[in-house]
Amino acid sequence: GGGDEEGADEGSGNEGSESEQQEGEQGASGEQVLNLAESAEIPTMDSSMATDTIAFQWLGSTKDGLYRLDEEAQAEPGIAKDHEVSEDGTTYTFNLREDATWSNGDPVTANDFVYAWQRAVDPDQGSEYGPYMMSGVIQNAEAIAAGEMDVSELGVTAVDDYTLEVQLEQATPYFESLTAFGTFLPLNQEFVEEQGDSYAQEADTLLSNGPFKFESWDHGEGWTVVKNEDYWDAENVQLEQINVNVVKDIATGVNLYNSGEIDRTALSSEFVDEYRSSEEFQIKDEPTLFYIKMNQEDEVLSNVNARKAIQHAIDKQSMTDVILNNGSKPSTGHMPEGFVTHPETGEGFREMNGDLITSDLEKAKEHWSTAKEELGMEEVELEYLGGDTETAQKIDAYIKDQLEQLEGLTVNVTSVPFEVRLERDTNMNYQLQNSGWGPDYIDPNTFLNMWLTDGGNNHTGYSSEEYDSLINEANTDLAQEPEARWENFLEAEKLLMDDAVLAPLYQRSVAQLQKPYVNGVYVNPMGADYTYKYAYIEKE
Amino acid sequence: MVRYISERLVYMLITLLLIATMTFFLMKLLPGTPLSAADKLSEEQQAIVLEKYGLNDPLPVQYFNYIAGLFQGDLGLSFQFDNREVTTILLERMGPSMTLGAQSLILGTIIGMLLGLIAAIYHNGVVDYGSTLIAVIGKSIPSFVFAGILQFYLGVQWGLFPVALWEGWEYTVLPTIALAIFPIAIAARYMRTEMLEVLGSDFITTARAKGVNRFGVVFKHGLRNAMIPLVTIIGPLAVSLMTGTLVIENIFSVPGIGEQFVKSINTNDYPIIMGTTLFFSFLFILIILIIDLLYGLIDPRIRLTEGD
Amino acid sequence: MENHKPSKDLFVPVDREAEEQHEIGRPSLSFWKDSMLRLRKNKAAMIGLVLLIIIAFMAIFGPYMNEYTANEQDLSQAKVPAKVEGLGWLGLDGTLSQIEEGETVEAAREDALARFSNDEENTEINVLNDGSDGSQARVEAIHDPYAAKDINNNFWFGTDGLGRDQWTRVWEGTRISLYIALLAAAIDMVIGVAYGGISAYYGGRVDNYMQRFIEIITGIPNLVVVVLMILIMDPGILSITIALVITGWIPMARIVRGQVLKLKNQEFVLASQTLGSSDGRVIRKHLVPNVTGLIIINTMFTIPSAIFFEAFLSFIGLGLPTPTASLGTLIDEGFKSLQIYPFILFWPALVLSALMIAFNVLADGLRDAFDPKMRE
Amino acid sequence: MENLLEVNNLHVSFDTYGGEVKAVRGVDFSVKKGETLAIVGESGSGKSVTTKALMGLIPQPPGRIKEGEILFEGKDLAKMKDKELANIRGKDIAMIFQDPMTSLNPTMKVGNQIMEGLIKHQKKSKSEAKERALELLKLVGIPNPEERIKQYPHQFSGGMRQRVVIAIALACNPKLLLADEPTTALDVTIQAQILEVMKDIQKEMDSGIVFITHDLGVVANVADRVAVMYAGKIVEIGKVDDIFYNPKHPYTWGLLGSMPSLESTEDELYAIPGSPPDLLNPPKGDAFAPRSDHAMKIDFEQEPPMFKVTEDHYAATWLLHEHAPHTEPPKSVQARMKGMASGSSEGDRK
Amino acid sequence: MSTEKLLEIKNLKQHFKSGRKGVIKAVDGLNFDIYKGETFGLVGESGCGKSTTGRTIIRLYDATEGEVHFNGEDVHNVKNKEELKRFNREMQMIFQDPYASLNPRMKVEDIIAEGIDVHGLASNDQERKEIVVNLLETVGLNEDHANRYPHEFSGGQRQRLGIARALAVDPSFIIADEPISALDVSIQAQVVNLLKKLQDEKGLTYLFIAHDLSMVKYISDRIGVMYFGKMVELTDADELYKNPIHPYTKSLLSAIPLPDPNYERTRRRFNYDPADHDQSEEPEFREVRPGHWVLCTTKEMEQYQKDYPVT
Ligand SMILES: Nc1ncnc2c1ncn2[C@@H]1O[C@H](COP(=O)(O)OP(=O)(O)OP(=O)(O)O)[C@@H](O)[C@H]1O
Ligand SMILES: Nc1ncnc2c1ncn2[C@@H]1O[C@H](COP(=O)(O)OP(=O)(O)OP(=O)(O)O)[C@@H](O)[C@H]1O
Ligand SMILES: [Mg+2]
Ligand SMILES: [Mg+2]
């Protein structure tokens with residue numbers, strides 16, 4: 001996940017079925033066939049190039065990395081049996097299993113990882129996630145990505161076929177969970193190079209080493225994966241086949257679900273009303289946060305009271321209950337609920353830090369009048385940059401209305417496509433901005449490090465020495481001391497809220513319908529949304 | 001004839017080139033980057049990635065490269081679908097759109113023409129008002145509303161046809177009907193007006209004076225003449241049906257080109273936007289050419305080799 | 001042969017007055033009056049006109065007819081259907097109903113209740129078929145969201161997902177849609193008439209180049225042009241209007257050109273030229289008045305297409321930015337809940353359809369009225 | 001000889017926005033085999049409507065035959081259904097229209113247009129019909145019929161098109177030919193050719209012809225008898241010589257007087273003043289009275305009956321009434337009557 | 001009729017482009033003069049270039065080649081706007097189609113006053129109205145008609161309006177392009193009489209274009225016969241009818257039906273075949289007899305002179 005866009009929720013997980021024929025053969029007889037729908041075509045099956053959830057979903061279903069995430073989002077062995085970490089936490093040595101093979105029969109070796117990771121940071125490859133995920137983590141990744149060093153200098157070496165050694169820039173406590181991420185999946189060098197430009201373009205130009213393998217891929221229409229019999233853990237895979245169709249419209253998804261063509265579909269808030277009391281209704285929580293970014297280089301928003309007013313002015317409960325109506329929760333800080341827990345006590349981050357920002361119109365108004373005084377303004381006009389999706393527009397209309405409860409404030413909403421918003425964000429060409437973020441690995445750092453003075457995603461003009469030192473300390477000196485590190489993060493979040501860098505809105509959930517006979521699907525907080533490896537169908 | 005067509009083709013090429021140029025520069029005005037994870041990357045990193053796509057070159061160089069590519073039939077590589085050739089994507093997506101477009105065009109014009117014919121024959125009668133009403137309604141109700149209703153009733157409630165998806169001929173039924181409404185309305189209107197006009201013309205009186213009966217008058221003498229103006233609007237209609245179907249494509253989950261186009265716009269996938277634009281334009285010009293040739297078939301007065 | 005015996009004194013010659021010979025019996029009618037007379041006799045067109053006037057009136061005054069404003073939200077009043085005092089019999093009683101079938105009455109009742117969040121208090125259950133005849137049991141649940149949400153006032157068109165008054169929003173949306181459409185049509189008209197007129201009047205090479213230009217422009221499908229324009233400009237009423245105009249003027253230019261080409265060789269134009277009239281005079285006095293009818297007709301057809309196109313743009317997410325209401329954005333919003341809260345879609349769709357029908361029949365009527373060929 | 005066609009008291013009206021247009025208001029005439037009856041009269045006087053009514057080709061609505069019978073070989077066409085009429089049209093009665101440019105279907109090959117009637121009425125096979133079509137084209141003087149039969153109307157010149165129209169009309173050897181201004185749109189030279197073709201054919205087939213025109217020269221050329229129409233009525237009818245050399249109705253005088261003869265002197269032409277009456281509200285009495293130099297009081301009160309001049313010469317004008325003052329035709333007409341009746345003045349022309 | 005030349009036309013050519021390469025030689029080298037106060041008739045079959053000749057003279061078209069001298073000045077060389085306007089006042093045109101020649105959206109008053117407006121001939125509305133009423137009366141209509149629209153008039157009345165419009169600028173020369181062809185026989189005489197009356201009263205000169213030869217003969221002093229863009233014969237009206245020389249003229253005359261049954265019964269028609277001409281040289285327009293011009297070769301001229309009937 002990452003820069004998230006509200007509205008991506010519209011249907012990320014609609015499901016569809018394969019042709020009638022197959023249904024006759026398998027679906028109806030209660031065989032292990034899962035029919036799903038996705039809201040968009042798979043953009044790429046090249047793990048170096050993948051950037052979005054759908055790609056990571058199906059990379060994750062067809063490939064095993066060093067580790068994968070288990071039901072509790074903890075790393076479980078994939079290609080790696082186990083690993084050792086050096087004293088200083090900068091050298092990881094992974095022991096790979098020897099029974100893993102590619103679907104063409106080649107063994108999966110340490111070199112496959114070396115090749116894949118090097119490829120991901122190779123500027124000639126043009127990967128976006130490679131440099132992002134590896135820079136500052138794996139040794140020399142940053143320099144290589146910038147074209148200043150040869151790829152062979154990357155801190156990853158195949159000691160032998162089944163031993164992989166990774167050299168980190170510094171101790172990275174969450175590195176283990178990173179290895180489950182799509183960008184770190186292995187690539188069969190020989191095959192990839194043989195396919196050249198057509199690698200991963202079609203079902204037959206890609207290889208699988210995971211629970212499923214591609215059987216067919218009709219671009220734009222859908223694809224089918226079937227159980228990979230050569231998978232090292234094939235005995236634990238029960239599903240025979242997953243049919244996926246591209247379904248863009250929520251109503252269509254619901255109609256398909258009701259006519260039995262797909263086994264799961266996402267619901268928009270309108271449909272939730274209709275299906276809320278259904279047994280098939282479920283809410284999938286996600287650790288994705290939405291919040292308002294405030295540009296501190298702006299005259300008005302440089303005033304901390306103005307920002308605080310905005311933080312408190314919005315009735316978030318009504319927003320999640322009525323507009324989103326999909327189980328999303330108001331967020332009160334900058335760490336999702338149920339995402340990370342204290343390394344010792346297991347207590348949740350959110351619970352420990354409590355509700356930092358609550359809806360409180362009175363407080364907001366107080367801050368606002370102070371702000372107006374300080375600024376010497378009576379009338380304030382702010383531009384609010386929002387997304388152009390249906391949900392985003394509704395939310396934005398609501399927020400406009402809510403913020404305008406602050407006397408003298410006029411909010412003008414500009415709805416722009418995601419790409420445009422990103423560009424204006426980068427150029428800090430905005431005043432208020434509706435933004436979202438999902439984790440890239442399971443560690444508080446993924447939410448907090450972006451507000452560093454030079455954080456790649458800060459773009460708010462926020463710069464606090466105190467904050468910077470808290471985060472930097474956590475990632476260097478305290479990297480090996482989980483508890484102290486945890487404290488730093490708690491501190492940092494409070495500071496972030498106190499400095500009113502952003503106004504939290506909500507933590508997203510997805511409402512969906514899922515047929516009762518679908519079992520064993522794990523929901524992941526990062527990377528692939530679902531794990532189907534252990535899924536099975538159980539019809540009466 | 002051959003000369004005429006080849007002249008037209010040359011002209012078409014020039015037009016396409018101009019269109020390519022225009023869209024190319026328009027594209028450069030679009031805000032945003034084509035990168036899908038731009039928020040993750042520092043500016044330097046973005047620059048490196050853009051380098052790979054040649055987007056850091058000076059504009060004239062980019063333009064020259066693009067046009068040069070065009071002449072080799074190379075529309076470039078897509079950004080959102082890494083490494084996939086625009087040409088391949090267009091070819092894949094064209095199929096369903098064309099199928100739906102063609103089906104609905106044929107269905108729509110035939111039904112519409114029949115409606116219009118009946119209305120013209122029973123001028124000012126109940127049938128006339130009825131068919132005019134259908135035509136007006138067809139023009140007035142947004143196709144997506146109609147599509148939603150079709151899907152819900154014919155698909156979900158009564159189970160007559162597949163609700164959505166694209167897996168066989170029966171899957172084309174609902175979207176085709178939804179799309180056909182507009183051509184039905186248009187064709188019916190045109191047919192009625194033209195037929196009435198033709199029926200009032202002298203040669204129809206001549207035919208009747210020969211003893212040709214009503215049926216013969218309408219079908220043997222009237223139809224072909226009344227169709228001439230209809231042919232003119234079929235061109236743009238065909239193009240809009242084959243390209244502008246994205247709403248229907250979305251609702252029925254059809255992997256078509258219209259939907260792809262809007263997606264590309266949302267992701268700043270320049271090569272696909274340009275490729276699609278060019279392709280649409282090509283289609284448009286080609287259809288116009290075909291229509292002009294058709295004209296010659298329907299109306300013998302138009303000789304393509306004569307005059308200009 | 002008849003056998004008349006008329007009296008003899010009738011056989012005296014009468015003097016004719018020279019004047020009499022050139023008398024015209026019927027009252028003088030200008031072209032416009034004549035056309036308007038014809039239009040008035042066209043029932044469908046008159047209905048269209050009345051409908052249009054009503055809609056226009058409502059677009060102007062509708063939003064002020066109740067105390068709500070278009071953007072005022074109250075989430076606690078969201079998604080209630082229309083309720084009008086005294087019009088309950090029309091279905092405007094502010095209730096929702098759901099019919100469910102089930103194996104038993106109880107099962108059906110449960111399903112039906114579930115639809116309304118099991119709010120038994122405000123839901124009335126009618127058993128339509130208790131299933132005793134062996135068929136499925138059918139139960140109708142009638143839910144009163146006004147009671148459930150403790151709303152005391154009435155919303156004439158109900159409320160939307162943010163609890164905004166649909167009545168106000170629909171008429172405001174109508175106003176904006178009409179505004180966009182009229183503006184686009186007006187600009188189309190100005191550009192189209194000027195372009196087509198100049199192209200045809202000056203003819204020759206000028207015409208040739210201008211026509212080639214049109215061909216190229218039309219070569220790009222207008223969806224593409226419009227979408228690109230909207231992306232390049234900031235979204236808003238003006239940019240949508242401009243986007244509509246970018247290709248919208250072409251049909252007008254074509255029509256005017258065709259007409260002017262025909263007219264400029266008409267003898268009355270030649271006559272004016274032989275009298276030494278300047279080009280300007282010829283255009284003003286002879287060409288423009290004679291294409292006016294066509295221009296009006298074409299404009300009448302442009303307006304509904306523009307309204308439609310705006311709706312379409314909203315539907316594909318390129319419409320007006322939130323929270324501005326236009327018929328397009330309202331329909332787009334409503335469409336999402338078509339299956340659950342059809343009333344949110346119903347009102348804007350109804351107004352849009354009525355508007356489209358009104359414009360179309362009126363335009364048809366005008367065409368018949370102006371077209372001398374249709375004169376009977 | 002027996003009448004091929006007899007029209008009695010024919011009334012045709014059109015219902016328009018403005019009211020009822022009484023286009024034909026009681027017309028009687030007859031046509032015999034081999035005879036040509038010319039109908040003249042000014043524009044709008046109801047000539048075309050009369051002929052269309054004969055064929056049942058009045059557009060309905062707005063038109064309708066209000067009254068009267070049309071006896072063709074004894075059968076009343078006015079009472080026939082469209083289906084029955086369709087069997088007579090083109091077979092027994094054929095029609096030639098005014099405008100050769102518009103009366104052929106532009107999208108149908110000329111040959112097919114000729115063959116259509118043959119296949120329908122004479123149940124000919126395609127090849128037989130084609131034979132006959134070729135014959136017909138030759139008959140009307142179109143060179144190269146084998147080529148021409150495959151062409152479309154736009155490939156023909158105006159004169160040739162009119163010949164095709166005639167060929168279509170003649171295809172089934174009709175007993176009665178209705179020609180509605182068949183040469184008005186043509187050049188004099190071509191007109192002359194067409195008239196010759198028509199006369200030749202009439203001689204051959206012995207058909208009756210109703211020939212509508214407002215060109216008195218053409219009338220003089222083709223007609224055996226002439227009917228003069230004014231405002232929906234026949235105001236004078238008689239043998240061609242009667243009409244030209246002994247006209248009785250002031251309208252006929254006006255018509256004749258307004259044509260300069262090649263000899264005519266410098267004096268003014270006789271012009272009928274004013275303009276035709278509005279058929280929406282036809283005037284009371286004699287419709288021509290308001291424009292007549294010889295109008296009498298009675299003309300404005302009572303409609304004149306048909307007065308008999310000779311056995312086959314009738315005129316509807318009160319001037320023929322015994323009480324009427326003696327009235328001479330205008331000078332220019334008299335001169336013409338005299339000059340022409342003698343037949344001498346043209347002697348020296350080549 | 002004087003012998004003063006009002007109009008001299010020298011080698012007038014008007015070619016139209018047709019399609020990419022085709023050229024229609026609508027008028028192809030005309031030479032003739034029109035004298036002050038006369039009526040010059042121009043006849044010929046449809047499409048032979050009569051209207052084009054008229055329109056080129058009045059500068060509706062720019063001549064491809066040749067000169068048109070009006071009162072000694074070359075009309076087609078005037079570039080100055082004021083000069084042009086002067087010509088526009090001197091030379092006027094009456095059109096063929098009474099329905100197409102009046103702007104249906106204008107009131108009669110404005111139609112007739114157009115020339116007055118363009119040339120600023122009236123100082124105020126009152127005067128303008130007076131002139132219009134005067135003109136209406138001149139053409140036999142009355143004041144009431146001024147506020148009506150053209151569609152309320154019959155063909156003959158419309159043609160009168162057209163004449164009134166032309167008269168408004170007080171021209172000395174009027175080109176009448178088939179002014180009566182579209183009219184009813186009974187109305188034709190009205191218009192012809194009116195034209196003659198105006199000529200007498202105002203000393204107008206007419207170029208009268210028609211294909212109805214009997215009318216042309218009646219109204220014209222001299223007549224030119226055109227065939228395919230060329231003048232084939234030109235002479236006095238009577239002379240032309242009595243002694244037509246060019247075979248095309250003969251054929252044309254022989255084809256005219258006359259309203260005289262006796263004559264019609266005996267009339268014989270001649271066919272004209274251009275191929276019968278002497279092909280040995282380019283024909284030229286020659287004066288076969290004094291005042292009688294024919295397009296012929298030298299050989300033909302001799303022949304024509306020999307055949308000319310001695311009177
Ligand atoms: N379809 C119609 N609707 C209304 N009025 C009609 C219709 N057809 C003919 N008329 C009227 O009937 C009258 C007679 O028309 P008709 O065509 O018979 O005249 P005509 O003598 O043939 O004239 P022309 O010489 O111009 O052909 C006219 O006043 C005309 O306006
Ligand atoms: N503006 C034009 N462009 C091209 N060709 C033209 C134009 N005007 C006239 N012609 C052609 O020039 C030729 C002469 O036309 P013109 O109108 O002068 O003939 P006309 O003798 O007046 O015929 P009619 O008796 O039918 O009025 C015709 O072949 C015509 O098609
Ligand atoms: Mg007629
Ligand atoms: Mg002409």
Side-chain angles (χ1 to χ4, degrees), chain D residues 40-45 158 183 185-193 195-196 214-223 226 239-241 243-245 251 254-264 266 268-276 291 336 339-343 345-346 348-350, chain E residues 43-48 140 153-158 180-194 196-197 211-219 237-238 241-244 248 250-272 309:
Chain D
V40 292
E42 72 192 302
S43 187
S45 58
T183 58
L186 304 175
D187 259 322
V188 272
T189 26
I190 300 162
Q191 165 174 303
Q193 292 167 21
L195 293 181
E196 278 160 28
H214 42 225
D215 186 335
L216 291 175
V218 173
V219 175
N221 183 294
V222 299
V226 181
K239 287 246 160 68
V240 66
D241 287 7
I243 301 293
F244 278 87
Y245 303 131
Y251 176 65
L255 274 187
L256 290 168
S258 57
M259 295 275 297
S261 66
L262 290 180
E263 279 65 43
S264 55
E266 289 293 307
E268 240 184 63
L269 289 175
Y270 176 76
I272 306 177
S275 46
R291 299 173 68 189
R336 173 194 299 268
M340 286 179 178
S342 70
S345 57
E346 296 297 320
D348 55 303
R349 266 199 61 192
K350 314 225 149 154
Chain E
V43 296
E45 72 186 282
S46 181
C48 68
F153 292 84
S154 69
Q157 289 171 327
R158 284 162 165 258
I180 54 171
S181 313
L183 300 179
D184 249 354
V185 205
S186 59
I187 310 281
Q188 287 184 356
Q190 290 179 3
V191 174
V192 169
N193 286 342
L194 175 63
K196 286 202 108 175
K197 187 186 96 183
H211 55 234
D212 178 341
L213 287 101
S214 45
M215 243 350 150
V216 176
K217 152 98 186 354
Y218 172 74
I219 198 170
D238 287 329
Y241 279 85
K242 286 213 184 76
N243 302 311
Y248 176 69
K250 288 184 179 174
S251 135
L252 197 61
L253 285 174
S254 76
I256 311 165
L258 292 182
D260 181 347
N262 285 334
Y263 164 68
E264 281 301 311
R265 280 174 203 125
T266 53
R267 179 165 62 88
R268 296 267 326 256
R269 199 161 58 80
F270 303 98
N271 271 325
Y272 171 62

A.B. asks: Measuring heavy-atom distances to chain E, does D:Val219 have an atom under 4.5 Å in its side chain, in its backbone, in both, or in neither?
C.D. replies: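 For D:Val219, no heavy atom lies under 4.5 Å from chain E.
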A.B. asks: Is the NZ or CZ atom of E:Lys250 positioned over E:Phe270's six-membered ring, under 6.0 angstrom from the centre and within 45° of the axis?
C.D. replies: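 No - E:Lys250 does not lie over the ring of E:Phe270 by the 6.0 Å and 45° rule.
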A.B. asks: Using non-hydrogen atoms and a 4.5 Å limit, figure out which bit of D:Gln193 sits close to chain E: side chain, backbone, both or neither.
C.D. replies: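 For D:Gln193, backbone and side chain are both near chain E.
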A.B. asks: Output the option from D:Val222, D:Asn221, D:Val188, D:Val40 having the highest count of non-hydrogen pairs under 4.5 Å with chain E.
C.D. replies: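 Option with the greatest count: D:Asn221.
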A.B. asks: If you measure from the Lys or Arg side-chain nitrogens to the Asp or Glu carboxylate oxygens, is any gap between E:Arg265 and D:Asp241 under 4.0 Å?
C.D. replies: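 Yes, charged N to carboxylate O under 4.0 Å.
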A.B. asks: Measuring from E:Glu264:CD to E:Leu258:CG, what's the distance to the nearest 0.5 Å?
C.D. replies: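 If we round to the nearest 0.5 Å, E:Glu264:CD and E:Leu258:CG are 6.0 Å apart.
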A.B. asks: Please check if the side chain of D:Asp215 supplies one atom and the backbone of D:Gly217 the other of a donor-acceptor pair under 3.5 Å.
C.D. replies: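 Confirmed, D:Asp215 side chain pairs with D:Gly217 backbone.
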A.B. asks: Can you name the closest pair of heavy atoms from E:Asn271 and E:Ser251 and give their distance?
C.D. replies: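 Of all heavy-atom pairs spanning E:Asn271 and E:Ser251, the closest is C-CB, 4.3 Å.
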A.B. asks: Please rank E:Met215, E:Gln188, E:Lys197 by heavy-atom pairs under 4.5 Å with chain D and give me the top one.
C.D. replies: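 The candidate making the most pairs under 4.5 Å is E:Met215.
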A.B. asks: Shorter than 4.5 Å, heavy atoms on both sides: which option in E:Gly47, E:Pro244, E:Ser46 has the most such pairs with chain D?
C.D. replies: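 Ranked by heavy-atom pairs under 4.5 Å with chain D, first place is E:Ser46.
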A.B. asks: Chain D heavy atoms under 4.5 Å from E:Glu45: which part of the residue, side chain, backbone, both or neither?
C.D. replies: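 It is both, since atoms from each part get that close.
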